[in-house]
Amino acid sequence: MTFGEDHGWGASVETSKAVLTDYLERDGNLIDTAHGYTNGHSEKIIGDYFAARPGLRDRVVLRIRASAGRGSARPRRSGHHQRSPSEPLTPP
């Protein structure tokens, strides 16, 4: 969640890669990320990390959560909600 410094805090790209390397060397195998973590920069750091290391991606379970709302004042109009965003929100 703290890979990337887009919110003015968090781990730099270099630190994030070092954390991933250390984690994998210790047999870690689950990586969780989401598009809401540092505006998607976390996903890019993880993707670039594995793109530069062919074959390593098969050792991990990569969980990406994409249903978090992104700044909507109306939470049922964002994410994977049934009314998001193509169906108009109408009163029952």
Side-chain angles (χ1 to χ4, degrees):
M1 181 170 158
T2 58
F3 286 175
E5 301 170 290
D6 294 48
H7 295 305
W9 53 270
S12 68
V13 172
E14 296 78 22
T15 299
S16 299
K17 289 178 180 180
V19 168
L20 284 167
T21 298
D22 189 49
Y23 177 68
L24 295 171
E25 285 176 355
R26 295 170 185 254
D27 294 326
N29 67 350
L30 173 65
I31 297 173
D32 172 80
T33 189
H35 69 275
Y37 295 171
T38 58
N39 297 324
H41 195 199
S42 173
E43 291 175 319
K44 179 160 179 23
I45 291 169
I46 293 166
D48 290 347
Y49 180 88
F50 285 108
R53 295 159 181 82
L56 190 57
R57 169 61 182 89
D58 292 339
R59 289 190 39 217
V60 301
V61 174
L62 183 58
R63 181 171 77 174
I64 300 173
R65 291 179 278 154
S67 63
R70 296 203 60 162
S72 174
R74 298 168 72 182
R76 290 193 290 178
R77 298 271 304 173
S78 62
H80 290 306
H81 188 274
Q82 64 181 348
R83 294 181 178 165
S84 171
S86 59
E87 186 179 323
L89 186 61
T90 56

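Numbering starts at 1 and runs along the sequence shown. Below, each value reflects all heavy atoms present in this structure, side chains not excepted, and no hydrogens, waters or symmetry copies. Fair warning: this is a prediction, and the values are worked out from it, not measured in the lab.
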Steps toward side-chain contact (heavy atoms from CB on, under 4.5 Å) verdict (Val13, Glu5): CA-CA 8 Å; Val13 172; Glu5 301 170 290; over 6 Å; no
Nearest heavy-atom neighbours spanning Gly4 and Ser16: N-OG, 3.8 Å
With Asp22 via salt bridge (charged side-chain N to carboxylate O under 4.0 Å, His left out) - residues at least two apart: Arg26
Shortest non-hydrogen contact from Asn29 toward Tyr23: N-OH, 3.4 Å
Contacts of Val60 that satisfy side chain to side chain contact (heavy atoms under 4.5 Å, CB included) - sequence neighbours left out: Leu24, Ile31, Phe50, Arg57
Contacts of Asp6 that satisfy side chain to side chain contact (heavy atoms under 4.5 Å, CB included) - sequence neighbours left out: Thr38, Asn39, His41
Thr33 side chain near Phe3 side chain, heavy-atom distance below 4.5 Å: no
